[in-house]
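First up is the structure itself, then whatever we jot down about it.
Basis for what follows: all heavy atoms, side chains included, without hydrogens, waters or symmetry-related copies.
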Amino acid sequence: MDHQSDQYHIDAILAGDIDAYAILIERYQNFIYTLVIRMVRNREIAEEIAQDTFIKAYSSLAGFEGKSKVSSWLYTIAYRKSLDYLKAKKRQAI
């Protein structure tokens, strides 16, 4: 298990080491998936939203200021993506 800080890995990613992102994904994938599956109650959709969460986080990594924990930041992204899915699903049902 890698015990380096999240900020260490973020700095490495921003310096061009894209493999360091795999460590962050491994570290938080269960946490994010658990949140999403509880919200959407569908495995396939939860996997897709979790994946989208990590893609969004990667593309926004330069804007991460470190004012919160990486886990909180990822949680917020996943939560919002889950809400977007649920809102869209509700609109389709109407």
Tell me, do S5 and H9 make a side-chain contact under 4.5 Å, heavy atoms counted? no

Is the backbone N or O of A57 less than 3.5 Å from a side-chain atom of S60, with the two atoms forming a donor-acceptor pair by type? no

Can you list every pair that meets side chain to side chain donor-acceptor pair (under 3.5 Å) and has a residue in residues 70-90, with sequence neighbours left out? none

Verify same cluster id: I23, I55 (apolar side-chain graph, 4.5 Å): no

Grab the two heavy atoms, one from L35 and one from A78, that are nearest each other, plus how far apart they are. CD2-CB, 3.7 Å

Heavy-atom side-chain contact between L24 and I10 under 4.5 Å: yes

Residues I49, Y33; criterion side chain to side chain contact (heavy atoms under 4.5 Å, CB included); working and verdict: CA-CA 8 Å; I49 292 172; Y33 178 77; over 6 Å; no

Looking at CZ of R41 and CG of L86, how far apart are the two atoms once the value is rounded to the nearest 0.5 Å? 10.0 Å

Within the 4.5 Å heavy-atom criterion, are F64 and V70 side-chain neighbours or not? yes

Quick one: list whatever passes ring-ring contact (aromatic ring centres under 6.0 Å, His included) with F54, sequence neighbours left out. none

How many angstroms lie between CG in D6 and CD1 in I13, if you round to the nearest 0.5 Å? 9.5 Å

Cluster link L83 to I45, ILVMFWY, side chain under 4.5 Å: yes

Decide whether I18 and I25 are clustered together by the hydrophobic rule: side chain heavy atoms of Ile, Leu, Val, Met, Phe, Trp, Tyr closer than 4.5 Å, transitively. yes

Minimum heavy-atom distance between N30 and T34, given as atom pair plus value: O-OG1, 2.7 Å

Rounded to the nearest 0.5 Å, the NZ atom of K69 sits from the CG atom of L74 at a distance of 12.5 Å

